[in-house]
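As structure tokens, the structure follows; a few thoughts come after it.
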Amino acid sequence: MTVVDDVRSTIQGLRREVCALHEQLTRYQLVVWTAGNVSARVPGQDLLVIKPSGVSYDDLTPENMVVCDLEGRVVEGEHAPSSDTEAQAYVYREMPHVGGVVHTHSTYATAWAARGEPVPCVLTMGADEFGGEIPVGPFAVIGDDSIGRGIVETLRGSRSPAVLMRNHGVFAIGKDARSAVKAAVMCEDVARTVHISRQLGDPVPLAPAQVDALFDRYQNVYGQR
């Protein structure tokens, strides 16, 4: 098998994976209609695989996923890519450790984004997954790399894999696309629970040392190794 064949096989695998992961966005009610998307970096290549723009989740197939370069230009595919492609391409260019990016407009997290308010770290799950508060990024226009710049600017100095882009929604990153989807799911769950806790009174924040210990345990000890 040639190198080209290896890359082709990898892309086909990512088309299937990215397509399937969109089912998780609807399963966890993180998106409505055609909003939101999942993308994945093609390892070792300046390429990404992303959802086509404006196509119903019921109509997504591995074949209609779009392959783009890291400037957001279509390399392969019959559909126009997501309107978030340039923003996500910027994230991949600037953050080489990122292998997946997810965008949602999940209800509770987006409500925090509309307020321009970070979700405070008052839950062990928040400490585990985000290592502190879920930060807010700047307002940015859709359609170029402005959102990507805001994502990178906000997450580069944070342990959080998710950012609430002000007046817009959630962007989550991960070592691969599945990890990014998980971060988006956890972001909505934490945002919802903290919102409810504030209806009951003032949530009790975790101490920084507790946050550090919880984050370290979850990231380095929890689960199968």
Side-chain donor/acceptor of Tyr108 to backbone N/O of Cys187, under 3.5 Å: no
Tyr28 (side chain) donor-acceptor with Ser106 (main chain) under 3.5 angstrom: no
Note, Glu129 side chain near Pro161 side chain (heavy atom, < 4.5 Å): yes
Backbone N/O of Ala191 and side chain of Trp112: donor-acceptor pair under 3.5 Å: yes
Between SG on residue Cys121 and CD on residue Gln210, distance to nearest 0.5 Å: 9.5 Å
Close side-chain approach of Arg156 and Glu94, heavy atoms under 4.5 Å: yes
Smallest separation among heavy atoms of His105 and Ala35, with atom names: ND1-CB, 3.6 Å
Test log, rule side-chain contact (heavy atoms from CB on, under 4.5 Å), inputs Leu70 and Leu48: CA-CA 7 Å; Leu70 295 193; Leu48 63 90; 3.9 Å; yes
Heavy atoms of other groups near Asp46 CG, more than 12 under 6.0 Å: no
Closest approach of Ala87 to Ile147 (non-hydrogen atoms, all atoms of both residues): CB-CB, 3.8 Å
Side chain to side chain contact (heavy atoms under 4.5 Å, CB included), paired with Leu123, selected from Asp128, Asp189, Val194: Val194
Asp6 CG to Ile11 CD1 distance, which is reported to the nearest 0.5 Å: 11.0 Å
Non-hydrogen atoms of Ala180 and Ala172 that approach each other most closely: O-CB, 3.5 Å
Any donor-acceptor N/O pair, Arg15 side chain to Met65 backbone, under 3.5 Å: yes
Co-membership, hydrophobic cluster, residues Val136 and Val190, 4.5 Å side-chain: yes
Residue pair Glu76, Arg8: steps toward the side-chain contact (heavy atoms from CB on, under 4.5 Å) verdict: CA-CA 11 Å; Glu76 182 178 279; Arg8 172 64 52 200; 2.7 Å; yes
Heavy-atom pair with the smallest gap, counting every atom of Gly36 and Lys51: O-CD, 3.4 Å
Cluster overlap Val119 with Val163, hydrophobic side-chain contacts below 4.5 Å: no
More than 12 heavy atoms from other groups under 6.0 Å of CG on Asn220: yes
Contact check, side chains of Leu164 and Pro118, non-hydrogen atoms, under 4.5 Å: no
Same apolar cluster (I L V M F W Y, side chains within < 4.5 Å links), Phe130/Phe215: no
Backbone N/O of Ala140 and side chain of Arg149: donor-acceptor pair under 3.5 Å: no
Validation row: Phe171, Val91 side chains within 4.5 angstrom (heavy atoms): no
Which atom of Ala114 lies closest to which atom of Asn167, heavy atoms considered: O-ND2, 3.7 Å
His22 and its side chain to side chain contact (heavy atoms under 4.5 Å, CB included) partner, picked from Val181, Val38, Val31, Val102: Val38
Intermediate values then yes/no, side-chain contact (heavy atoms from CB on, under 4.5 Å), Val74 and Cys68: CA-CA 4 Å; Val74 174; Cys68 297; 4.2 Å; yes
Common cluster, Val42/Val18, ILVMFWY with side-chain heavy-atom separation under 4.5 Å: yes
Pairing of Arg93 and Glu71 as salt bridge, 4.0 angstrom limit: yes
Interatomic spacing from CD in Glu23 to CG in Leu60 - rounded to 0.5 Å: 9.0 Å
More than 12 heavy atoms from other groups under 6.0 Å of CD on Gln224: no
Atom pair CG (Leu206) and OG1 (Thr124), whose distance is rounded to the nearest 0.5 Å: 7.5 Å
Path from Leu21 to Val98 over hydrophobic side-chain contacts below 4.5 Å: no
Contact check, side chains of Glu188 and Thr104, non-hydrogen atoms, under 4.5 Å: no
Test log, rule side-chain contact (heavy atoms from CB on, under 4.5 Å), inputs Arg217 and Tyr222: CA-CA 6 Å; Arg217 179 201 66 87; Tyr222 174 82; 3.9 Å; yes
Met125, CE: over 12 other non-hydrogen atoms inside 6.0 angstrom: no
Over 12 non-hydrogen atoms of neighbours within 6.0 angstrom of CZ in Arg115: no
Any side-chain heavy-atom pair of Val55 and His79 under 4.5 Å: yes
Met165 vs His103 side-chain heavy atoms within contact, under 4.5 Å: no
Residue pair Thr10 / Gln45, side-chain heavy-atom distance below 4.5 Å: no
Any donor-acceptor N/O pair, Asn64 side chain to Thr61 backbone, under 3.5 Å: yes
Which atom of Asp69 lies closest to which atom of Ala89, heavy atoms considered: O-CB, 4.3 Å
Nearest-0.5 Å distance that lies between atom CG in Leu14 and atom CD1 in Ile50: 12.5 Å
CD-CZ distance between Glu86 and Arg73, expressed to the nearest 0.5 angstrom: 9.5 Å
